[in-house]
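Contents: one structure, followed by commentary.
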Amino acid sequence: MGSLKALCNVSLLQLFIVLCLVFQCFATRRHADLRTTLVVDASDATGRPIPETLFGIFFEEINHAGAGGLWAELVSNRGFEAGGPNTPSNIDPWTIIGNESSIIVETDRTSCFDRNKVALRLEVLCDSEGDNICPNEGVGVYNPGFWGMNIEQGKKYKVIFYVRSTESLNLTVSLIGTNGVGNLASSTITGTAADFSSWTKVETLLVAKATDHNSRLQLTTNTKGVIWLDQVSAMPQDTYKGHGFRTELFEMLSALKPKFIRFPGGCFVEGEWLRNAFRWKATVGPWEERPGHFGDVWMYWTDDGLGYFEFLQLAEDLGAIPIWVFNNGVSHNDEVDTSAVLPLVQEALDGIEFARGDPTSKWGSLRAAMGHPEPFDLRYVAVGNEDCGKPKYRGNYLKFYHAIRTAYPDIQIISNCDGSSRALDHPADMYDYHVYTNANDMFSRANTFDRTSRNGPKAFVSEYAVTGKDAGTGSLLAALAEAGFLIGLEKNSDVIEMVSYAPLFVNANDRRWIPDAIVFDSYQMYGTPSYWVQKLFVESSGATFLPSTLNTTSSNQLIASAISWKDSTENKNYIRIKVVNFGRGTETIDISIDGFPVGQQFGCTKTVLTSDNVMDENSFAQPTKVVPQTSSAVNVESKIQAILSPFSVTSFDFLIL
Ligand code: AHR
């Protein structure tokens, strides 16, 4: 019995030891399994160049991105044409100052400009003396701009307008504060009836005495007679390089270091109807002579101050290659038959000549007259937007393709037809790929191009964004899914040439499409989390893609990539590793960079985009709620352990010392 007890004791002891060993082993195994590792191969032999052009921007005239946005013109509907050439009655948002006993305001077609004949006729019934005395503030009209003009103390505003008068002129031009209260600047234009008996251009420089973000431009008089006004413009004098771009918005674009800019749309290029499509010839030449047009997809008028020339100038100022999207005879609702499309083909050829033709050529000379004798660097054109399925697209496309290829063999031609899953049935240098979807689907699309043929035209992912309830008006969740997608594009950048988010801008007063990358109003702006994700990729264009292996059994969805890149201004070399944790758990990751000698030291900067709640957004009240946070460490080795926050994207920059 005693020996049995002893045996039993031994057995229990042994069993305990065995169990301990098994448990320890199991624990170790479990621990090892849970460890997420990322091994980056940084040896010279394995890197692959990423296209120089990979990351850029897509500018569409949508959400008042240009008119009332990047284009700094303060006056909306400066030519009183907003109803269109055949309905010269819509002066919105111009507003009458005075009543029917003091002034009669109407439009007529007496303008001195042939392409925009509508002018504003003011019949002033009151006077400074006599029976019908004008109100103290005078009578006339005001323009509130695009939901209020931002006028800032000390800044200069050039007001230009065209005027004609039956009597001597005494017209006061003023910048007035919110609700018509407070005079911020004014100047009075006077002259005899003879001075103004025919259309006369007036220019005056106003210097603001105070700041008001919701101001208006006012033209008033208290002199009886008839006055005609046309082409009234008010331009801040501090635009980027004087080129007309609102400086802070320009700088937000510039910070993305875009390698290309696709413009001017989007659906804006197509129109609901062809008569409302963007036609480049109507947008060039002196601004006063441009007819403007109603964009019937996004449902607003644009004076086309931001025209084809200005888009090319914008590209040049950003150091980005212009990619011109033109209408190919297809709108949302009507199409030009292929047998009749040649005039549009010629229009496209003329547009290319305008951009890069010799200053002595017909259209190149217009560009030169507009102040740019050197050619613009137009190397890419896109034939239409999202038109692949339309009946006339293929026929029309081929007409454009062959004509452009013959006249400009170096120009890269982009088709609307998606070649990501099967070969195109027509020649093209690139094909357009657009995706708007929910967050999970976007994240999973990181693998889309893994399966794409490595031969044939490359992809231009010219529009992508998470939309719908996952995105709200710009959530962290949307941005993280996009970050995962972009990592997938980076990995497949052997078959992807260019990538851009859409839409780029939204004026918060006219949200035609949400979400967007940059939100603004008359004076403030912020980037959505999607904007900040794009910033994490700005060094990838032209960098070297490094193979990496991510091993994980985590319940978090993870994706990672690595590049090596050079900061040429500082002559420093970096390895950048980006990891998206698309899950609700914290993740520990062991990162090692192979290809460096033992003991190699790095400086390390860690940049994290995350927030307490995955649906968090930025706003005017909290513009930096979801923005990247950066921390640095010195003398880091090639193996590090890092913690990835739940729902985050983290970028590690290893400075090679
Ligand atoms: O980016 C907004 C719109 O989405 C674009 O105009 C169009 O190309 C797409 O359908």
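Both ligands and their constituent atoms are indexed starting at 1 by order of listing. We use all heavy atoms of the structure for the numbers below, so side chains are in, but hydrogens, waters and symmetry mates are not.
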Can you find a side-chain donor-acceptor pair between [X] and [Y] that sits under 3.5 Å?
X    : Y    : answer
N509 : N507 : yes
R78  : N116 : no
E386 : H434 : yes
E60  : W298 : yes

* **Pi-cation contact, F55 with K259 (under 6.0 Å, within 45°)** =>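 No, K259 does not sit over the ring of F55.
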* Asked: Do R262's NZ or CZ and the ring of F58 fall within the cation-pi criteria of under 6.0 Å and 45°?
  ->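 Geometry flag: set, cation within 6.0 Å and 45°.
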Between ligand 1 and the protein, find all N/O pairs closer than 3.5 Å and give the distance for each.
| from | atom 1 | to | atom 2 | distance (Å) |
| --- | --- | --- | --- | --- |
| ligand 1 | 1 (O) | Y436 | OH | 2.7 |
| ligand 1 | 1 (O) | E463 | OE1 | 3.4 |
| ligand 1 | 4 (O) | Y436 | OH | 3.3 |
| ligand 1 | 4 (O) | E463 | OE1 | 3.2 |
| ligand 1 | 6 (O) | E60 | OE1 | 2.6 |
| ligand 1 | 6 (O) | E60 | OE2 | 3.1 |
| ligand 1 | 6 (O) | C267 | N | 2.8 |
| ligand 1 | 8 (O) | N385 | OD1 | 3.3 |
| ligand 1 | 8 (O) | N385 | ND2 | 2.9 |
| ligand 1 | 8 (O) | E386 | OE2 | 3.4 |
| ligand 1 | 8 (O) | E463 | OE1 | 3.0 |
| ligand 1 | 8 (O) | E463 | OE2 | 2.7 |
| ligand 1 | 10 (O) | E386 | OE1 | 2.8 |
| ligand 1 | 10 (O) | E386 | OE2 | 3.1 |

